[in-house]
Amino acid sequence: MSKNTNDLQEMRHSLAHLLAAAVIEIYPTTLLTIGPAVDNGFYYDMDFESPISEKDFPTIEKKMRSLLKTWKGFAHKEVSVEEARTFFADNPYKLELIEEIHKKGEKITLYTSGNFTDLCRGGHVEDMQTVPADCFELSRIAGAYWRGKEENKMLTRIYGLAFNSKDELETYKTQQEEAKKRDHRKLGKEMAIFEFDEDVGAGLPLWLPNGGAIIEQLETLAKETEFAYEYERVRTPHLAKENLYLTSGHLPYYEDSMYPPMEYEGGKYYLKAMNCPHHHKIFGAAPKSYKDLPLRLAEYGTCYRHEKSGELFGLMRVRSMQMNDAHIYCTEEQFADEFKKVIDMYLYYFKIFGIEKYQMRLSKHSKEGLGKKYIDNEELWLKTEDMVRKCLVAANVPFVEAENEGAFYGPKIDVQIWSVIGREFTLATNQVDFAVPARFGLKFTDKDGTEKTPLCIHRAPLSTHERFIGFLIEHYGGNFPLWLAPEQVYVVPVRETNLEKAKEVYSSLRKLGIRARIDLSNDGFGKKVRAAKNMKVPYTIIIGDKDMEAGKVTLESRDKGNLGQLNADEVIRKLSEEISSRI
Ligand SMILES: [Zn+2]
Ligand SMILES: [Zn+2]
C-alpha cells in the first residue's frame, strides 16, 4: 500500500471514532462495538436503545463537524485488563473484545481524542485538524450481526464515505450514480434477462429467454475458441457420492460451502461444488501415455454452493452457477506452453468484450507454510511460480505477486477486470495444481516407460455465466453489441399496408439466425420505436409507404441514429457481417 492509501485509511478510521463520539453525545445510551475503515470510508456498528434512521444523519453529521473542531491528536494509553473491564463495565461487546485481546496476550490500548475514548488497536491521523470538514458524509444504515454471526444480536451499522477532498468525494458519488443506473439487478429486470423466484429459492437465478440468448452466444464463443485451442468437451452429472469429494479433499475442508447431502441407497450424494473431481475421473478412466498429453477437458459445468443468504447478491453471489470450466492435464515440460495459451485466450476474450483494464495476481507459497498450508515441495513451487511469472512477463500482462496466498496444491492466478465506468470485478481464479492429480492416482506413461503424475491447470476465463453476464450488463449499461444482444432487430411496419413486406423481411432475418422480432401490435409508430429503444435493441428496421415506393427499408441504429433508406438485402448483409465479426 502506498503512503497515500495508508493516510487515507487512517483518516477514515479516525472518522469512525468521530462518528461514535457524535452518536454518544446525541444518544448517550448507545453501546459501541467496532468501527473500521473500508475502501470508500468507514463504518461503526452500534447497539441503539431505540432505532435511528437516515433522517437522523444531518443531526449526527452536524455534531461530528462541531466535535471535529475540538479534536487534535489521538492520545494513546495502555491499560491492564482490570482497568479495561472497569472502563467498559456497561458494554458487553467491548468486554467480549477485551477478553479476546487478553486471551491472545496482546496489549490493551485506549485512544482518546477530544472527550472521547475508545478501545482500539491504533492507526489514526496525527492531527484531526488536517481532516477537511467537507470530505466526508454519512451514507447509509444497514443491519449487521455482532461479529457477523446470525445467532448474535442485529446491530445498526452506520456507513460513512470519506475521501481526501470534497472533490474526490463528489467524483466518487457521481461514479456511484452511474453504476446505479447500470446496476445489473435493475437492468436485468427491465430487459427481462433473469429473475429470482421465492419458490425456486434464493440465489438460484432463472434465465428468461433474453438471458438464454446471451448464454447461447457466450457458450458458442467459448466452444468455438476452445475447439480451436484443441479442447475436448465433456459432460458430467450435477451430483456425486461422498467418496469422490473425500478423495478430492472438498470434504471435509469445503463442506460448509456445499449443500447438505441427500441420503439414499445407503450412500450420501452431494451436489457438485466444483467440476474438477469429475474431470479427474474422466482422465483416469483409461490408461494414458505421454502422447495423450496435453489433454484439455472442457465443460460449461453447473455447480452448487451453499452461500449464506446474507451474502447473496444479484448474479454476483449465487447458489447455482454455470462455469466456463476446463482442466488441462500436461507434463512439466508442456506446462509453460499450456499456461501461455490460457493467457492468450484471456487476452482474446478481453479484446472481444472491450475490457481494457485488467490485472492478474500471482499468489505464491511461503517457505514457513511448506508442509502445513502448502504441499511440501519447495523446488516444485519455485519452479512453477517461475514458469507462471515468465509467462505473464512474456504476454506483457500487468500483474502483481502476493506471498503466502497460494492454494494448498499450487499457485493461483486471480484475474481482476474493470468495467468501462471503472468498477472492479473479480473475474476468475486459475490454479496450477500439482497435488490433486496424485490424490486421484492419475498417471501417464512417459517416454522412458516410467509412470508419472500430470500437472493440472484449472482455468475459467469467462468465469460463470452468472458473474460474467452480471459484469457485462453493467459494463455495457445494457447496450449489448449486436452479436450478444438478446434481441438484435425489431421490424416495425408503419401501417397495415406495410405488413406483408415487414413479414417478409422478418422471415429472412430469422432464417439467417438473426434474433429479430416483428411488432404486430396496433400501437402507434412512435410507441413501437420507443419500445425498441427501451429494450436497447441495436437496430430497428422501419417499413413505411415511402420505403415501399422506393423498394427499400429505413434502418435505425441504437448507437448511430438514422442510417437512411437501404435495400433489405443490403441491411441483412450488413447485420450478418457485424454479427460474425463480434464487434
Ligand atoms: Zn481507532
Ligand atoms: Zn477445477
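Counting starts at 1 for both ligands and their atoms, following the listed order.
Here the Zn ion (ligand 1) is the vertex; the NE2 atom in H17 and the NE2 atom in H124 give an angle of 90° (to 10°).
In this model, a donor atom of one side chain and an acceptor atom of the other lie less than 3.5 Å apart for R157 and Y159.
Nearest heavy atoms, F42 versus R12: CB-O, 3.3 Å.
The pair E100-K103 does not meet the salt-bridge criterion, since no charged nitrogen lies less than 4.0 angstrom from a carboxylate oxygen.
Note on H458: its N/O/S atom closest to the Zn ion (ligand 2) is ND1. Residue H13 approaches the Zn ion (ligand 1) most closely through its N/O/S atom NE2.
Under 2.8 Å from the Zn ion (ligand 2) lies no N/O/S atom of C456, from backbone or side chain alike. At least one N/O/S atom of C276, from backbone or side chain, sits under 2.8 Å from the Zn ion (ligand 2).
Ring geometry for Y111 against H124 counts as tilted: the plane angle lies between 30° and 60°, on a 0 to 90° scale.
A cation-pi arrangement is absent between R140 and Y43 under the rule of less than 6.0 angstrom and at most 45 degrees off the ring axis.
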